[in-house]
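Here's the structure we're looking at; comments come further down.
Just so it is clear: chains get the letters A, B, ... in the order the sequence lines come, proteins before strands, and each one is counted from 1.
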Amino acid sequence: MIDINKIRNDFPILNTKVYGRQLVYLDNGATSQKPLQVISSVAEFYSTINSNIHRGVHYLSSKATEEYEKSREKVKTFINAKSSAEVIFTKGTTDSINLVAFSFGEKFISEGDEILVCETEHHSNIVPWQMLCERKRAKLIKIPVDNNTEIIMEEYEKLLSSKTKLVAVAQVSNAFGTIHSTEKIIEKAHKFGAKVLIDGAQSIQHFSTDVQKLDCDFYVFSGHKIYAETGIGVLFGKGELLSQMPPYQGGGDMINSVSFEKTEYAELPLKFEAGTSNYVGAYSLLKAIEYLENIGLKEIAEYETELKNYAFEKLSTIPGLEIIGNPKNNSGVISFTLKDIHFYDAGMILDKMGIAVRTGTHCAEPAMKRFNILGTIRVSFSFYNTKEEIDILYNGLLKVKQMFE
Amino acid sequence: MIDINKIRNDFPILNTKVYGRQLVYLDNGATSQKPLQVISSVAEFYSTINSNIHRGVHYLSSKATEEYEKSREKVKTFINAKSSAEVIFTKGTTDSINLVAFSFGEKFISEGDEILVCETEHHSNIVPWQMLCERKRAKLIKIPVDNNTEIIMEEYEKLLSSKTKLVAVAQVSNAFGTIHSTEKIIEKAHKFGAKVLIDGAQSIQHFSTDVQKLDCDFYVFSGHKIYAETGIGVLFGKGELLSQMPPYQGGGDMINSVSFEKTEYAELPLKFEAGTSNYVGAYSLLKAIEYLENIGLKEIAEYETELKNYAFEKLSTIPGLEIIGNPKNNSGVISFTLKDIHFYDAGMILDKMGIAVRTGTHCAEPAMKRFNILGTIRVSFSFYNTKEEIDILYNGLLKVKQMFE
Amino acid sequence: MITAEIQNSIVEEFEVFDEWLDKYEYIIELGNELKPYDEKHKTKSNLISGCQSRVWLNAELIEGKVIFTADSDAIITKGIIALLIKILSERTPYEILNTELFFLDKIGLKENLSPTRANGLVSMIKQMKNYALAFKTIVENKK
Amino acid sequence: MITAEIQNSIVEEFEVFDEWLDKYEYIIELGNELKPYDEKHKTKSNLISGCQSRVWLNAELIEGKVIFTADSDAIITKGIIALLIKILSERTPYEILNTELFFLDKIGLKENLSPTRANGLVSMIKQMKNYALAFKTIVENKK
Ligand SMILES: Cc1ncc(COP(=O)(O)O)c(C=O)c1O
Ligand SMILES: Cc1ncc(COP(=O)(O)O)c(C=O)c1O
């Protein structure tokens, strides 16, 4: 069981007042808040062992490197990778996807090849593939979703062929919270020899992840959405695949030897970590995962599901409020429209009541287009949220309706 | 005048004991330590206004975005760019250079073109160009240095031709501290229509920078070397050049509109900032620059020069110690060898005396090769170092000599 | 009345509200009362896209004065548009170019003009000034 | 003597030193005394490159026992090599494979084996075990 009072005390920002009102932060899909355990660990790191990693023979450098590698080890266990060499530190989800798009693309994509992407993906899981396809004259094809925002399996299967080289799908859609059937999607893609990238940006923080069980070829996520600092992210890739791929960025630390005649690249994971890594960001990720593990991933999932169900029920009673997606197959996010009220108007008024939600396209314009809307109001949960906060949201929405009707 | 006691109190890590001895941190070229003003500002940010930028209509998001843009504005003033749209936030120097290598390369480099790079550059200013040249069948050519580690101007001029598309040179060499004649180098390159990238990783923190006066086309540096957090860096590029270049990474925030049929990219600077930017890192850079400006760039340069000169004098008296480079044309770094003593041995023993220096190739293998050595011992200064620390280093080196002779 | 005076009178009007929501209630009222925008002017070239709300702006020069009409799909945006039109429409290009908009700051609604809020209003104001500049050239060339 | 006993005796030897520098003084001594390495074995395939120091390692199987010789350009690395050879050389492949190296940790020199220190020693130990494994197969196939 979650001790919500204790947890809320861990997050100093939750006590903030905005416009004189208590903050109700329901924009966790955009970024998560950080517990003191992360904030002060980072301050402590800078105050005691900060030093560039992998480089020196001196004490601090060695300490800092140890923590960095401990973080890699922790991520490996957290997502159940086979080896820590399969865990690459990046800047974030977007950086991870771009790395794959470039590096996998250079090696495996040629003219006429096809890449399948779900039509409700985040722009970060569309644009890199578009750019790759343009460079290589490959074809980007969208996988359609049904009116419940779920991938239409039969359509997906029809799109698969020997031309398909890669399939990219979010485990949980950031626009609607839809949990996609990634295991099935992966299995079917593999039958055609296609590789699958799973965008875990909206799932890693909500339920436990097992990349071996999923059998995905790539898995990506951002630290800042899982209670760590901004500026750190992860790319998991199967070792045998990553080793075949050329490096993405060149620079310090990703080489074995450099000369103007011939440069030899380092082994995994360093081959993909050019320049000074965000080792403090990685350390914050270590601390964030430790924090989550202390609470318990199962407990978090249970509590968040309870919250989400409560919110679904409550919001469903508001006339004119239309939820997009299927509540039963949903995680962390509720996305809805209000009849005759613009999402921007709603967001502005909620904001004045201290309630932070996200409005607009959620960096998923094709998803909006699919449902013939310009945008939605999105509330997204964390385990530090409460039912009381959902009541405040509920009342806020009633107030919004009253003001615009 | 620098108030050294006050300054040292700002940097908590300087009180650290390693192996029971007072830390003497002389590895500032690898990364700088952070003042409390930066460390606690970051903690404060996470505790009060953290929220994803550019995205929400809500209060926190707006506050966070404001700070992010304030940082961009500050960097613009700090390096005297014409417009803040010319300031792109990246992960670090290496990321910035790779961005240019890809994006400038896609647009402007074709088979047979030539790129000139100084032979003593950091790997991060060599490998990205190598990779680009390989992709585009262009030619990477090294600009030779003389025995003083200075670029041989006549040789450089001979290499320039209408085939030269880009010249990449550090303002200050990280291996030897050499201050290159960047203004002259840029002027000469421009005569042939070549663009110039200046790697400011080792200069930005030591003396004031004016990209308009330099007239460089690109200028790059890392936050972590200028007292800000790891994971943030800057790419300055001339606006008219950046606007012609295609985006590097695709994703959220760098677009105007996305559809599977056609995606329109955003204007500068956002075009080059895909995904969630490290906005907290950028904020830490703002705080770091404010900190430096409070002390005074001029005061810092004067004090550091005094330190460096003192160190040069002191170290020169040690028999068998050979400094590489010209003390008069040098900034922040002293790189040397000890006759018959391996740099690793020296580094290990100095470490045990609490003295952190860097040993080895300093990510500049071609530079080592040029001087027929395997590596050096490098001490690198910050304004928080003292003459007493240099005395400790001096005595440490005498002890090293005694132990290995 | 010069533009500064109108702005001052708006600021006075807003002084009666202590509560944020009351301010916005009033803005919504203004938005609902905004003079209807001619549908034929809802062209792509008149569209200013913010991430959040869309704004259409039309400008005509009539007897040396610029007439602005505008619309938005969000009512709060429309309310602020109403205020901007009250201040800047039916003015000479010269007056428009010389107006410094301070009222939003004074009534605590500056955030609506923050470039980071992406409601399209910042671009709208820029666009209004651009029109004024263009019309100024026309007026001057006629002389 | 089994390898654990040798390690224990090394640990005892080091117990007399309270000072870090004294420990290293002793390691330097060991490094200077390391049996000369045959120049003809300084081949590229025997080279283990760390970022910091280079290590050469040669292994031969003589009468069922593995004879290691090694060298480094850094003396501290040589000193630790001397200890490793004392423990692991002239042993059967079986013994080598079953040795857990705990002494560096106990004498507080674990850092020398940190993969992050890049002196080549971690790779060297891995390489020693690889040799043992290869020789084990040879020995077993002979039976
Ligand atoms: C001259 C120079 N260029 C580039 C770099 C790479 O910087 P970073 O590792 O922060 O990307 C460094 C620092 O290591 C440097 O000193
Ligand atoms: C599903 C999904 N993919 C990708 C991203 C991009 O993540 P980031 O901005 O951290 O790179 C996000 C978050 O915005 C997301 O929700």
*If you tally heavy-atom pairs under 4.5 Å against chain A, which of Asp27(B), Leu14(B), Asn125(B) wins?*
Asp27(B)
*Pick one of side chain, backbone, both or neither for Gln130(A), based on which atoms fall under 4.5 Å of a heavy atom in chain B.*
side chain
_Option in Met254(B), Glu119(B), Arg135(B) with maximal non-hydrogen atom pairs under 4.5 Å from chain A_ = Arg135(B)
*With side chains defined as the heavy atoms from C-beta onward, is the minimum distance between Ile255(A) and Glu365(B) less than 4.5 Å?*
yes
*Where on Asn50(B) is there a heavy atom nearer than 4.5 Å to chain A: the side chain, the backbone, both, or neither?*
both
_Is it the case that the side chain of Ser103(B) and the backbone of Pro246(B) share a donor-acceptor pair, with hydrogens and angles ignored and the cut-off at 3.5 Å?_
yes
*Audit row: Leu270(B), Asp253(B), side chain to side chain contact (heavy atoms under 4.5 Å, CB included) steps and yes/no*: CA-CA 7 Å; Leu270(B) 298 188; Asp253(B) 274 349; 5.8 Å; no
*Could you tell me which of Asp95(B), Thr93(B), Ile126(B) has the largest number of non-hydrogen atom pairs under 4.5 Å with chain A?*
Asp95(B)
*asked:* Counting only non-hydrogen atoms closer than 4.5 Å, does Asn15(A) touch chain B with its backbone (N, CA, C, O), its side chain (CB onward), both, or neither?
replied: neither
*If you round to the nearest 0.5 Å, how far is CD of Glu67(B) from NZ of Lys287(B)?*
6.5 Å
*Any chance the rings of Tyr68(B) and Phe89(B) have centres within less than 6.0 Å?*
yes
*Based on non-hydrogen pairs under 4.5 Å, which of Ser32(A), Gly281(A), Ser124(A) is most in contact with chain B?*
Ser124(A)
_Distance-only side-chain donor-acceptor flag, Asn28(A) / Ser380(A), under 3.5 Å_ = no
_Quick check for you: among Ala364(B), Ser51(B), Gly92(B), which has the greatest number of heavy-atom pairs under 4.5 Å with chain A?_
Ser51(B)
*Which bit of Ser259(B) is near chain A, if near means a heavy-atom gap under 4.5 Å: side chain, backbone, both or neither?*
both
_Please classify the contact of Glu106(A) with chain B as side chain, backbone, both or neither, using a heavy-atom distance under 4.5 Å._
side chain
_For chain A, which candidate among Pro247(B), Gly347(B), Ser257(B), Ser222(B) shows the most heavy-atom pairs at distances under 4.5 Å?_
Ser257(B)
*Under 4.5 Å from a heavy atom of chain A, the part of Leu36(B) involved*: neither
*For the pair Gln249(B) and Leu99(B), evaluate side chain to side chain contact (heavy atoms under 4.5 Å, CB included) and give the outcome as yes or no after the intermediate values.*
CA-CA 8 Å; Gln249(B) 297 195 323; Leu99(B) 192 165; over 6 Å; no
*What residue in Thr230(B), Thr263(B), Val357(B) has the most heavy-atom pairs under 4.5 Å with chain A?*
Thr230(B)
*Interchain contact, Lys142(A) with chain B, by part (heavy-atom threshold 4.5 Å)*: both
*asked:* Taking every non-hydrogen pair under 4.5 Å, which of Val42(A), Val38(A), Val117(A) racks up the most with chain B?
replied: Val117(A)
*Please determine, among Val258(A), Thr16(A), Ile39(A), the option with the most heavy-atom pairs under 4.5 Å with chain B.*
Val258(A)
*Basic-acidic side-chain contact under 4.0 Å: Glu261(A), Lys369(B)*: yes
_Using modelled atom types and a 3.5 Å cut-off, is there a donor and acceptor pairing between side-chain atoms of Thr65(A) and backbone atoms of Ser61(A)?_
yes
*Counting heavy-atom pairs under 4.5 Å to chain B, which of Trp129(A), Phe11(A), Tyr279(A) comes out on top?*
Tyr279(A)
*Test Glu273(B) against Thr276(B) for side chain to side chain contact (heavy atoms under 4.5 Å, CB included), laying out the working first.*
CA-CA 8 Å; Glu273(B) 294 182 356; Thr276(B) 298; over 6 Å; no
*Heavy-atom check, side chain of Gln33(B) versus side chain of Tyr227(B), under 4.5 Å*: no
